[in-house]
Amino acid sequence: MRALVPVALATSLLFACSDEAGSKPTGDAPAADADGGAEAAAFDTGTELRIDVPESGRVYVKLAPPAVVTPEGDPKTSTNWDVAFEGVDVFTNSGVSGAGKGGGFGPLDAITFIGDTAPSVPFITQDKAGGAFLDWYAYEGASHALWSRYHVHGVRDGSRLWKVQVLTYYGQRDGATVPALYKLRYAELTAGGDPSTRELSDLDGTAGGLGASASAPSECLDLGSGARTMLTPDAARASSEWHLCFRRDSISVNGEIGGPRGVTATDLDADKTASEAIDAVKTKTADGEKATFDAATAASFDGKTFRGDRVVSAFSDKWIEPAKAPLAPVNVTWLVQDAAGTQKFFLGFTSFQSPTSKSPGTVVVRIKPVKG
Amino acid sequence: MRKGAVVVLLLAMTSAKKARAEAPPSPPGDREREADTVVVTGTRTPERSQRATVKTDIVTRDEAERRGATNVAEALATQPGVRVDPGAYGYLGGVGAIQIQGFDLQRVLILEDGEPVVGDVGGAIDLSAIPIGDVERIEIVTGPTSSLYGSSAIGGVVNVITAPPRRAGPSGRLRTEGRSHRGLLAQGNGSFRNERAWFGLDTNVFRQDGIARTPGLPDLQIPETSRFMLGARGGTSLAKGVDLRVRARWFRDRLDGLSSRVAPGIGRYLVDQPNHTDRYTLHVIENIDLGKGSRLRLTMGRQWIDNTTAQNQQGSPVGERHDRYHRMQSFEAVDTIADGARTWVVGGRVEVETFTQTVTKTESLSSGLTTRTDDEVAPQTLGRAALYGQLQWKLGETFTVLPGVRAETHTRYGGAVTPRFATSYQPAREVQIRASVGRGFRAPTAKELGFVFDHSALGYRVLGNGDLRPETSWGLNGDVTWQPTSAYTLRAGTFMNWVDELIDIDLAGGAANGAVVDYRYKNFGAARTMGAQLSAAARLGDRLRADVSYDYLWTRDDVNDRPLGGRPPHTVTAALRATMLWKVEASARWRASTDAFVDAETRSPGYQTIDLRLGRELWPRSQGYVGVLNVTDVHQEPARLGDLRPPLGRVFYVGVRAEFPSEED
């Protein structure tokens, strides 16, 4: 089992990194078809469902039988829906999105859709809070190592703006190499003058270790004062005393569902993530990436979308072709677990009709129940 | 050591030849005995191996030593119809696990003198932890044998058999050997026997350096190994026809692995990976002669296994340790009733097994160093009782039928009934045809019933399942043997197995429990294996013996509709043994396996191994020898997943073995 998890994770990363953009006709935007007809034919089975997705407001879908539904009462406590669409996001009835036992895994190869049995996957991803730091690392399955991508992130708090670069996930304590002891460099970007770069070590995201309860505290940082505070997740969500919180492999931002302070953030290098192979990431060093950090100015963040923490699912940032206009779905298969946690489905998005920059328009999806 | 030592020993052997008058050739009786040893495993009744109702292969201690073996895993490494995969279990690199008819991982039953060996680590009994120093022979029965032995006898049974001293008065045996990788073997035995009693002490010491995985890195492919065994055996006649035997053994294995890991931004650090086992066995056996060929055998046994595996950062208390405590006590009564052409075997067995596994983690947290111990397998007490019966009925001189059945009840999963029917027919004196059909089963292990592998922080747990049922199988076996003279043997055999309710972790059926997904062991697997074996053996006088065997194996994982991983479909084994000039005995073994499916993206390459050995008598009942295993240095590639090639490359060895007193009987 322990061997399977990294292999499957590595496989999923491989899939995530190997998506290739196909040519796109205008009008309806079909799924990117890197391998021609064979891939498109993968979505010939199952039941087709068309879902009108507005730019704002959430649309709920039941997978068996496939239908758009309106949950009774509070959707957060309802198990009468399995997936939901809102703008360019897809959610599952799990984790912070709903009370169900749903979730998803992917992307899987498009050809997977032809089968009728759920493949062995290491886990079903539940919806969780996350944001600009979602892709701060690349995971190397063979060694379970988290390698910083050395992306430069912008963190905005009112009129103040910082640039932040995670240097490593590992520190040394008690004579041992310990994961979740972050080291990062950051600097405030001001209108005039050179930013003063600071480096901080041993930011403690160990959160009580692997077997600890979900309420174990971890370290949070105020970029302005440099104050470091140990907070439980609940305390952090209620506190305005921090900008970034470090908890195991997650870095949260104190804005939207992350906390009350209104902090927002962005990944300046988000466009590079999909094409960053793990071997290339491993060649980067903190010293080597200093120039990248230094080169980022306030102007570098102009036009970037800053957001606080939001809900992310297995689909987040992976189901729509990056940097494509109009929006188009990635030609892959998704494994989705229903809200009851008992039935799995393959989902394959075949096209978006009348997409806008903020909505895929009408999503055309093939849905097929699978064994396993 | 290596080549220089080999040359020195050859010179010494030549000198010995010059200094001494040429001794007479080895008595042919040894080879005859080897070719037609009495076997017991297939039917629980003594039979000549060449005419046994159920096909039983044998590896004698002499043959094991000719194969350069120091333990049972090495003795069986090139045995036709068998695969032994050392290093197939990750960082437990030394574990040598066996595969028969495509089955492994507790689907092959390992016995010591008929008693099941417990104490698997990583899901497999480690055959390399059983030294051959006190072993008389190893018997291998292929196909379902649960009708006699119960759980795990799906693919077959391996019975490691010891024996009382053959000689009256004091006697002993000594073997000492040096090997590559600073390997050192010392095996000794001292016995005394008179008309009323016998007693023997056995010891085995083996050590070997760790073998690097990748040149330039500290990681070990094979851990530094240190194995020790001390055994005491004795027997006496309590009364006329009543014999009592006692056997106690202590095994102490220390495997010390080492790996390194790279922490991004920090650099490489070292992790010690010890795998330490202490195993104690005690068996008391009483044989009562009931007259007219009938007898009653009573056996009481107890085994204690304490095993610890760990992964500890060097120079730090931070690490993770797994402690396993396994105990089994058993009582068995077997009554063999000779009734003319019919031989009845009726037996009963009761077992109680306890198993506990804990995990102790020492972590560096913000609050300081924290050590916590949790149950990884909740304490399990498993009991089972079984009754079995078998009739061996000789219908005339040429036809034997052997129906048998075993019924077993278990405290956790209820019952299992496993019948077998075997038959043997000799249409002519030189031809024997055997066939059998039987049912096998494997009981869920304590780990599968009660495992708790908690990685909630990473979003998943792996849990045991108290509702598991036994795996069950049906198997067909058949073979034809043609032995035109005692010097030539041709054999063709085939087998088919269907196994249902295979127990595995259901990765596709994880159940979400909040943010954590639980994966459980379930009975959801189904598989088939089938294959064939062609073998030939020829003995030309007393000086030359040749064996060749071809094995074909086909497997299917019926859940995923693909082959079972790690099973090469074609294997050829050839062996040649010759007594040459100056009484030098030369032996060579060649084994070739084709490439094998591992998973959808991976195949393991085909490979060949060649083993060579030269031995020469130094004085009566002694031999000096040199050899090389895996001459062509075939070995696994570092970091290649599923590589079935040997983890250990070329190994040179040189040694002396002798039996005392040195006079021939």
Side-chain angles (χ1 to χ4, degrees), chain A residues 1-5 7-8 94-95 100-103 117-126 128 142-148 167-179 181 183 204 206-212 214 216-219 230 248 282 285-286 337 341-342 344 371-372, chain B residues 89-90 261-271 312-320 359 361-370 372 374 451 453-460 462 504-519 524 559-561 599-601 639 641:
Chain A
M1 175 64 198
R2 274 182 263 197
L4 285 175
V5 171
V7 169
S94 65
K101 295 179 177 178
T117 302
S120 295
V121 298
F123 48 75
I124 297 292
T125 300
Q126 310 273 302
K128 61 182 180 182
S143 62
H144 294 287
L146 274 56
W147 295 82
S148 174
L167 302 183
T168 178
Y169 179 65
Y170 300 89
Q172 288 185 308
R173 193 166 62 189
D174 299 317
T177 298
V178 178
L181 284 181
K183 182 177 183 180
D204 193 339
T206 54
L210 286 177
S218 62
E219 196 154 28
M230 296 295 290
R248 300 190 182 118
K282 287 169 65 176
T285 64
Q337 184 165 283
T342 56
K344 293 189 176 70
K371 292 179 283 188
Chain B
Y89 295 92
R261 295 169 192 174
V262 173
I266 299 292
R268 190 173 295 277
Y269 62 97
L270 300 178
V271 178
N312 299 321
Q313 287 202 36
Q314 257 187 20
S316 164
V318 170
E320 180 175 300
V359 56
K361 293 179 182 173
T362 300
E363 295 179 274
S364 174
L365 305 176
S366 52
S367 55
L369 276 173
T370 302
R372 192 180 63 245
D374 296 306
F451 194 40
F453 180 74
D454 192 350
H455 265 195
S456 297
L458 298 179
Y460 72 94
V462 181
D504 207 344
I505 299 167
D506 185 9
L507 289 176
N513 181 11
V516 178
V517 181
D518 289 340
Y519 299 96
F524 71 98
V559 173
N560 297 302
D561 196 24
D599 60 33
E601 287 88 31
L641 293 174

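To find a chain, count down the sequence lines: A is the first, B the second, and so on, and within it residues start at 1.
Using a 4.5 Å heavy-atom cutoff, the side chains of A/Met230 and B/Ser366 are in contact. For the pair A/Tyr170 and B/Pro264, the minimum side-chain heavy-atom distance is below 4.5 Å.
Of the atoms belonging to B/Val262, heavy atoms from both backbone and side chain fall under 4.5 Å from chain A. No part of A/Leu181 comes within reach of chain B, as not one of its non-hydrogen atoms sits under 4.5 angstrom from that chain.
For the pair B/Ile266 and A/Gln172, the tightest heavy-atom approach, listed with the atom from each and the gap, is CG2-NE2, 3.7 Å.
When each of A/Val178, A/Thr177, A/Asp174 is paired with B/Gln313, the side chain to side chain contact (heavy atoms under 4.5 Å, CB included) condition holds for A/Thr177 and for no other.
From B/Ser367, atom OG reaches atom CG of A/Asp204 across 9.0 Å, with rounding to the nearest 0.5 Å.
Of all the listed residues (B/Gly265, B/Ala263, B/Ser364), the one sharing the greatest number of non-hydrogen pairs under 4.5 Å with chain A is B/Ser364.
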